[in-house]
Amino acid sequence: QVQLVESGGGLVQAGASLRLSCAASGRTFSSLVMGWFRQAPGKEREFVAAISWSGGKTWTADPVKGRFTISRDNAKNTVYLQMNILKPEDTAVYYCAATRSVVVPSRGVEYDYWGQGTQVAVSS
């Protein structure tokens with residue numbers, strides 16, 4: 001069993017930066033593919049970014065490419081999402097997710113474990 005706890009959300013102005021963290025329990029973190037998803041009010045959940053178990057490969061959704069960066073620290077059992085040049089359309093609840101194996105990292109159904117989410121709000 002893996003438990004995920006997100007932190008780092010908040011209310012910021014457009015153009016600001018935030019760094020989200022997701023702390024994972026358990027000894028298997030270094031073998032997990034980790035992902036970030038988000039869900040805005042009234043919208044479907046969407047993929048943001050994912051990172052391989054080693055950190056050697058990342059995937060990033062087009063709407064955030066060039067602004068958001070995913071990284072991980074296996075020694076700390078933590079995955080991060082650095083968000084720069086935030087826009088009002090980035091406002092959403094951001095969820096951390098984990099899976100032991102994945103075919104298409106952007107598909108939420110492939111993830112076995114989910115955190116409770118952290119709210120990010122960007123004002124214009």
Side-chain angles (χ1 to χ4, degrees):
Q1 190 74 8
V2 176
Q3 293 186 331
L4 305 173
V5 179
E6 303 96 334
S7 62
L11 171 63
V12 297
Q13 290 188 330
S17 297
L18 279 176
R19 188 176 79 156
L20 304 184
S21 299
C22 172
S25 66
R27 303 179 183 177
T28 61
F29 179 78
S30 60
S31 66
L32 298 172
V33 173
M34 302 297 297
W36 286 99
F37 291 77
R38 67 185 183 185
Q39 187 166 20
K43 294 189 176 181
E44 298 282 323
R45 182 182 63 195
E46 66 173 351
F47 169 74
V48 177
I51 188 166
S52 64
W53 62 271
S54 68
K57 190 168 180 63
T58 61
W59 301 266
T60 307
D62 286 343
V64 304
K65 197 165 290 184
R67 299 187 297 122
F68 291 12
T69 302
I70 188 171
S71 62
R72 67 190 297 160
D73 185 339
N74 286 346
K76 295 183 178 180
N77 279 17
T78 302
V79 62
Y80 305 98
L81 185 67
Q82 178 66 42
M83 306 186 295
N84 298 330
I85 317 175
L86 282 160
K87 303 176 181 180
E89 51 263 45
D90 295 320
T91 295
V93 177
Y94 283 72
Y95 297 92
C96 175
T99 181
R100 289 187 170 81
S101 65
V102 68
V103 176
V104 181
S106 60
R107 294 180 60 199
V109 294
E110 298 206 29
Y111 290 79
D112 303 308
Y113 306 101
W114 292 82
Q116 293 299 307
T118 185
Q119 175 72 54
V120 172
V122 184
S123 63
S124 57

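Heavy-atom basis, side chains included; hydrogens, waters and symmetry copies ignored. It should be emphasised that the depicted structure is a prediction, and the values quoted were computed from it without experimental measurement.
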Is a donor on one side and an acceptor on the other found under 3.5 Å between the side chain of [X] and the backbone of [Y]?
| X | Y | value |
| --- | --- | --- |
| Arg72 | Phe29 | yes |
| Glu110 | Val102 | no |
| Glu6 | Gln116 | yes |
| Asn74 | Ser54 | no |
| Thr78 | Ala23 | no |

Can you tell if the side chain of [X] reaches within under 4.5 Å of the side chain of [Y], non-hydrogen atoms only?
| X | Y | result |
| --- | --- | --- |
| Leu18 | Phe68 | no |
| Trp59 | Ser52 | yes |
| Lys76 | Ser21 | no |
| Arg38 | Val64 | yes |
| Leu32 | Arg100 | yes |

Search all heavy atoms of [X] against all heavy atoms of [Y] and return the closest pair with its distance.
| X | Y | value |
| --- | --- | --- |
| Gly108 | Arg45 | CA-NH2, 3.7 Å |
| Ile85 | Ser17 | N-OG, 4.3 Å |
| Ala92 | Ala40 | CB-N, 3.8 Å |
| Val33 | Tyr111 | O-CE2, 4.1 Å |
| Phe47 | Thr60 | CE2-C, 4.1 Å |
| Leu4 | Ala98 | CD1-N, 3.9 Å |

If you group Ile, Leu, Val, Met, Phe, Trp and Tyr by side-chain heavy-atom gaps below 4.5 Å, do [X] and [Y] land in one group?
| X | Y | value |
| --- | --- | --- |
| Val2 | Trp53 | no |
| Trp114 | Val93 | yes |
| Phe37 | Ile70 | no |

Checklist line | Residue Gln3 excluded, over 12 heavy atoms near CD under 6.0 Å | finding: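 No, not enclosed.
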Notebook entry, point to check: So, are Lys87 and Asp90 salt-bridged, with charged N and O less than 4.0 Å apart?
Noted result: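 Here Lys87 does not pair with Asp90 in a salt bridge, since their nearest N and O are not under 4.0 Å apart.
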